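The structure displayed is predicted, hence computed values, not measured ones.
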Amino acid sequence: MTSALVAHQITVHYDRQRVLDRVDLRIAAGETVGLRGPSGSGKSTLARVLALLHAPDGGHVALDGQRLAGVRHRLPAAVRTRVAILFQSPRAATDPRLTLAELIAEPLRATGTPREAARARARELADLVGLTPDLLARRPHAVSDGQLQRACLARALVHRPGYLLCDEATAMLDASTQAHLAAVVTDYQRQHGAGVLLVSHDAALLTRWATRVVELPAGGRPTG
Amino acid sequence: MTTTAPATTTGARAGRAPALLDVEGLTVRFRLRDAVVHAVTDLRLTVHPGELLAVVGESGCGKSVLAHALLGLLPGNATVTGQARLHPPAGNPVDLLGCGERRLAREVRGRALGLVPQSPATALTPVRTGRRLLVETLRAYGHPRRDADPAADRLAVEVGLDPADLDRYPHELSGGMAQRLVTALALAPDPPLLLADEPTTGLDRPLVDHTLDLLRRRCDTGAAVLLITHDLAAARRVADTIAVMYASRIVEHRPAGALFDAPVHPYSAGLLDALPDRAFRPVPGHPPMLTDLPPGCAFAPRCERATDTCRTAPAPALPGPGRAACHHPLGAPA
Amino acid sequence: MTDLALPARLRRPLFRPGIVLASVVLVAAVAACLAAPLLWPLDESAVDLARTRLAPSWAHLAGTDDLGRDVAHRSLYGLRVSLLVGAVAALVAAGIGGLVGTVAATCGGRVDRALMRVVDTIAALPHLLLGIFIVAMLRPSLAAVILSIGLTHWLSTARIVRSELLSLRTRPFVDAAVAGGASRTRVLTRHLLPHVLPRIALATTLMVPHAVWHETALSFLGLGLPPHLASLGNMINDGQRSLLTGAWWASLVPGLLLVAVTLALAALTGRWRDRLDPRVRAELHL
Ligand code: SF4
């Protein structure tokens, strides 16, 4: 069995516009792949395809040697939770009704972990990402972007995923928070041998953080 | 009614031109039911014609409130004290905090003091196309009707937007396109001072650089820009001067080159060390809540150089190569 | 997005004179309706032919009608019936609309198209006519009127629920829930519906005045509640007979009551809608 998350010949169209054209990408366990490319090159789309959230129009994704048929709810929860994704905007990626504690514990609750156990794990992860306990009772509107992205990282790690995809996850954050989140991800990766994908426009960040960088050529008309 | 700025606050550029914006002791508080938010504390800064000043800090340090306070756009539970004077090259000086909403709305906002807002989606009227918004803005600021359309196209190109995209409605634009549209709208009246509040959110690197260079070019032709950003790399690319903000205060305010080469305030130094092309090491600890600032230096709990003296608040930073708001600045014996 | 995260408490002033007035009217109306059977019981069949069409006086605050019944007294009971019918009918409509909207949005494809076709078809027919048709098929009764209103007023709710669900479904926080292992049902019940519920509640409350007017119209046409039952529509209808003899109060008093209460309700829900509107909320972010 090969421990890798692999995109095979992925093709995606939006309204007849081709954003990805037979793209291959392989993220092996333990490595950090940087992904960069001009705007409109479909970097985020590729990340969503790899996160098993978007069905490609051609090609397929293979997880640890197993070819996956379908995306989202067509896959069992145990498969979906092997891959976690972190988005650029933590506000858009969080349900404004939940407190940070609930937010972090939610994936565990969703897969049947009892409330107390889920809470305890949420507290543990909050500590790992550097969220102080008093923040856990707050809802997203009462914390800053940086604090919310920390909560999102905690949520992404809650199932101990084998692969973590960061789609411009630190682009909105200040340098210190970015460096801290990078350190948390790197630690996690070392402990669990996880594969990491970094989608970023920041050459300095990729040089520093990624073990190798893949350039995605423009697949369609460049737009913002 | 106004006096020229005192020599001590004009700092590095004293003698070149009078300050365009002169802020002295600006303090903003928000009253909440059970707490007070210390959003901006005793802030001083000056912006000169042709200067690009970047205010950098992490999210939640109060830097965005600064822009809103200058524009008189704070919610009703805010109290603002201190002084902020705008000296437009044409026209009378304006006391931004004291002149009242009517004068701000009629003479200042847009015309003398432009704003590129942080979240473009809420700043655009959903029922008008970009072109109509832009043409209306141009005409409202005295552009003749005949060439408003070509002028709109020119502005679109200038901000990196395809003129064809101007005919779309705001909800049909991507976040980055909306951001470029609000930038064009802010540039339309050609204000002598532009406040840009995270103007590159949602833009790709090439567009970020494009927008930053656009701001830079404005300054090179004599206008001034106050750029509010979390992005040190952006500030390094275009700013003349940088003011580092931490927990509601400006802690260091110096020419960009000097700050990047040899930061004086321990927080500035920590922030620079966090850059991926430097140590990539986060500043230890967490910023304090603005509702619950420690007495004395707010950075003390995270500062390696802290001593007992730091329990009293250091004197505020002065613009220019002068003082940083620190008892034990770097470069001086600890 | 927000630099300084401020609590959502920073909101516009809650109390404005119009809102206060509307609340007072509504609270008074509901309290009077609840208290009426205890304090001032009504005998629906009582008539007093010796005291017909008396003008308003201290003994009869709103006069009496052509059968000698106290208009103020009956109006109060009429309001009771009308509000009850309005509220229950609005709930029925919300239930149907919520269900149809949810099924359409979650099943998608052919089911969605078929359901929306039904909605469009019903929407093309005149409400009142359809309502009349439905009561005419059943016997005039409280249940028939409620059903008639419920079956004709669920369309907007169905559309709102469907479009809200469809737009919420594409949001990254739903992606995050799916990636986190949440089942279809959990995504729907925990992450989607809670956001739609306030909208449904709002649509329901906005519908109450509609439903009250619909009931009044049906009763006015003689197709609504059984004639002995004091509803505002019945009373306005009965009052017509007295109008020509100059006894204006028999129609006007229940009419004014209807207008006042439904306007108050509409004003309050309008205010609520403003507060729910994301554009209004977005202004409050710095
Ligand atoms: S005043 Fe003291 S605690 Fe504050 S930054 Fe300077 S040395 Fe550190």
**Q** What I'd like to find out is whether the side chain of C:His195 reaches to under 4.5 Å of the side chain of A:Pro96, using heavy atoms alone.
**A**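 Yes; the side chains approach each other to less than 4.5 Å.
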**Q** What part of A:Leu86 gets closer than 4.5 Å to chain C, counting heavy atoms only: side chain, backbone, both or neither?
**A**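 A:Leu86 has no heavy atom closer than 4.5 Å to chain C.
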**Q** What are the two closest heavy atoms between C:Arg190 and A:Asp95, and how far apart are they?
**A**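 Residues C:Arg190 and A:Asp95, closest heavy atoms: O-OD2, 4.0 Å.
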**Q** Does atom NE2 (C:His210) have a neighbourhood of more than 12 heavy atoms from anything else shown, all under 6.0 Å?
**A**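 Atom NE2 in C:His210 is not crowded, with 12 or fewer foreign heavy atoms closer than 6.0 Å.
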**Q** Where does A:Leu53 contact chain C at under 4.5 Å (heavy atoms): side chain, backbone, both or neither?
**A**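 For A:Leu53, the contact with chain C is made by the side chain alone.
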**Q** Could you look at C:Arg184 and say if it's the side chain, the backbone, both or neither that has a heavy atom under 4.5 Å from chain A?
**A**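 Contact with chain A is through both the backbone and side chain of C:Arg184.
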**Q** Crowded around A:Glu124 CD? As in, over 12 foreign heavy atoms under 6.0 Å?
**A**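 For A:Glu124, atom CD is crowded (more than 12 foreign heavy atoms under 6.0 Å).
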**Q** Which heavy atom of C:Gly180 sits nearest a heavy atom of A:His159, and at what distance?
**A**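 Looks like O-NE2, 3.0 Å.
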**Q** Any idea which of A:Ala51, A:Ala77, A:Ala92 has the most non-hydrogen atom pairs under 4.5 angstrom with chain C?
**A**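 Max contact count across the listed options: A:Ala92.
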**Q** Count the heavy-atom pairs under 4.5 Å between each of A:Arg48, A:Arg82, A:Arg155 and chain C, then report the option with the highest count.
**A**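 Answer, by heavy-atom pair count under 4.5 Å with chain C: A:Arg48.
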**Q** Quick one: closest heavy-atom pair of C:Pro194 and A:Arg97, and the distance?
**A**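 It is CB-CZ, 3.2 Å.
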**Q** Contact part of A:Thr81 toward chain C, heavy-atom cut-off under 4.5 Å: side chain, backbone, both or neither?
**A**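 Answer is both: backbone and side chain atoms of A:Thr81 are under 4.5 Å from chain C.
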**Q** Does A:Arg80 use its side chain to pair, donor to acceptor, with the backbone of C:Val178 at less than 3.5 Å?
**A**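 Checking the backbone N and O of C:Val178 against the side chain of A:Arg80, a donor-acceptor pair under 3.5 Å is found.
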